[in-house]
2 protein chains.
Amino acid sequence: MSEQAYLVLVALGEEPRHGYGVVQAVRALSDGQVRLGAGTLYGILDRAVGAGYVEASGEVVVDGRLRRYYRLTPTGLAAVRAETLRLAELAQRARRALGAGPTTGPTTGPTTGLPALGGTS
Amino acid sequence: MSEQAYLVLVALGEEPRHGYGVVQAVRALSDGQVRLGAGTLYGILDRAVGAGYVEASGEVVVDGRLRRYYRLTPTGLAAVRAETLRLAELAQRARRALGAGPTTGPTTGPTTGLPALGGTS
DNA sequence: TCCGCATATGTCGCCGCGCGATATATGTTC
DNA sequence: GAACATATATCGCGCGGCGACATATGCGGA
């Protein structure tokens, strides 16, 4: 499960949402760092529905615009909970493995400024 | 940064390792759930070297077999620490978001913004 | 003796999937 | 009426995960 897909499930775990609402929720959840494109959103949504994690939850028209809602299934909720636990454990193990380094704190202020792992060459 | 790439950096953060050692370390780190294939490993390693996160650390022959060692650079260490912090925060947010169900009760609003004191460190 | 497995390196191609671009439509704001 | 936010959905590019394959040594069992 990709991180984007995970964030979508978390967003739907809070409450049923429509597509555009998921995009906004994910952006908020990730502190504005993850911005889902339309292609990403519907690809993830379709696969999640296929996996039985998400299901359509009805359509509502608000201000003349259609909202197609999705909700997490019990299976999806279990999956996202399990993934959350796995992530938390992984982070904890990583922290232990890396030990307390020189700058253990968040070093708040400047953005990390670290190069991306794929682009720079 | 993918989870596989992250795990490789964590494994190298513990201590310098050779390729096969990284595969074993990642499997251990992920509780046997993530098994790196050769293609995955060297792809990640090459990109990580290109990004300045990892560098070659010498070659040793053990039992007639060549071991090519890699080590994390200071930049790579900073990156993996930052990613660890990001992951931990994400998991914590997710737990809070999932903890308060959709319509659990009258307090459907903001999930009591009280900061979690003394988080798991 | 020889077969298979673990150790150890590396390459190649498939394809899943993230993601920007694009299309379509309505309400609001300036 | 131009620009933007809201709201939907599709298409194709390309990165990257990952299995398959190639190659080589040491070891243990049949």
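This structure is a prediction, so every number in the text was calculated from the model and none was measured. Residue numbers begin at 1 in each chain, while the letters A, B, ... track the order of the sequences.
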Which residue pairs pass the ring pair (Phe, Tyr, Trp, His ring centres under 6.0 Å) test when at least one of the two sits in [range], sequence neighbours left out?
{"range": "residues 19-39 of chain B", "result": "none"}
{"range": "residues 75-98 of chain A", "result": "none"}
{"range": "residues 71-98 of chain B", "result": "none"}

Query raised in the report: Can you name the closest pair of heavy atoms from A/Leu7 and A/Ser30 and give their distance?
Result: CD1-CB, 4.4 Å

Query raised in the report: Of the non-hydrogen atoms in B/Tyr70 and B/Val54, which two are nearest, and what is the gap between them?
Result: CB-CG1, 3.8 Å

Write down the protein N/O and nucleotide N/O pairs, taken from nucleotides 24-27 of chain D, whose separation is under 3.5 Å; answer none if there are no such pairs.
{"residue": "D/dT25", "atom": "O2", "partner": "B/Arg65", "partner atom": "NE", "Å": "2.8"}
{"residue": "D/dT25", "atom": "O2", "partner": "B/Arg65", "partner atom": "NH2", "Å": "3.4"}
{"residue": "D/dG26", "atom": "O4'", "partner": "B/Arg65", "partner atom": "NH2", "Å": "2.9"}

Can you give each donor-acceptor pair under 3.5 Å made by side-chain atoms of residues 75-88 of chain A, sequence neighbours left out, with the distance rounded to 0.1 Å?
{"residue": "A/Glu83", "atom": "OE1", "partner": "A/Arg86", "partner atom": "NE", "Å": "3.3"}
{"residue": "A/Glu83", "atom": "OE2", "partner": "A/Arg86", "partner atom": "NH2", "Å": "2.9"}
{"residue": "A/Thr84", "atom": "OG1", "partner": "A/Tyr6", "partner atom": "OH", "Å": "2.7"}
{"residue": "A/Thr84", "atom": "OG1", "partner": "A/Val80", "partner atom": "O", "Å": "2.7"}
{"residue": "A/Arg86", "atom": "NH1", "partner": "B/Glu3", "partner atom": "OE2", "Å": "2.8"}
{"residue": "A/Arg86", "atom": "NH2", "partner": "B/Glu3", "partner atom": "OE1", "Å": "2.8"}
{"residue": "A/Arg86", "atom": "NH2", "partner": "B/Glu3", "partner atom": "OE2", "Å": "3.2"}

Query raised in the report: Can you tell if the side chain of A/Asp31 reaches within under 4.5 Å of the side chain of B/Arg93, non-hydrogen atoms only?
Result: yes

Under 3.5 Å, which donor-acceptor pairs link side chains of residues 9-19 of chain B to any protein atom two or more places apart or in another chain?
{"residue": "B/Glu14", "atom": "OE1", "partner": "B/Arg17", "partner atom": "NH2", "Å": "2.7"}
{"residue": "B/Arg17", "atom": "NE", "partner": "B/Ala11", "partner atom": "O", "Å": "2.9"}

Report task. Calculate, to the nearest 0.5 Å, the distance between atoms CD and CG belonging to B/Gln4 and B/Leu36 respectively. Result -> 6.5 Å

Query raised in the report: What distance do B/Leu45 atom CG and B/Tyr53 atom OH have between them, rounded to the nearest 0.5 Å?
Result: 14.5 Å

Requested in this report: Could you check how far CD of B/Glu3 sits from C1' of D/dC15, rounded to whole Å?
Outcome: 18 Å

Query raised in the report: Rounded to whole angstroms, how far apart are CZ on A/Arg17 and P on D/dT8?
Result: 13 Å

Report task. Under the side chain to side chain donor-acceptor pair (under 3.5 Å) rule, collect the residues that match up with B/Tyr69, sequence neighbours excluded. Result -> B/Arg67

What pairs of nitrogen or oxygen atoms, one from the protein and one from nucleotides 9-14 of chain D, lie under 3.5 Å apart?
{"residue": "D/dA9", "atom": "OP1", "partner": "A/Arg68", "partner atom": "NH1", "Å": "2.2"}
{"residue": "D/dA9", "atom": "OP2", "partner": "A/Tyr42", "partner atom": "OH", "Å": "3.4"}
{"residue": "D/dT10", "atom": "O4", "partner": "A/Gly39", "partner atom": "N", "Å": "3.4"}

Requested in this report: Apply side chain to side chain contact (heavy atoms under 4.5 Å, CB included) to A/Arg47 and list each qualifying residue two or more places apart in sequence or on a separate chain.
Outcome: A/Ile44

**Report entry** Set of side chain to side chain contact (heavy atoms under 4.5 Å, CB included) partners for A/Asp46, sequence neighbours left out
**Finding:** none

Query raised in the report: Mind checking which nucleotides bracket the chain A contacts on DNA chain C, 5' to 3', with an atom under 4.0 Å from a heavy atom?
Result: C/dC17 to C/dG27

Query raised in the report: Is there a residue in residues 20-36 of chain B whose heavy atoms reach under 4.0 Å of DNA chain C, and which residues are they?
Result: B/Tyr20, B/Gln24

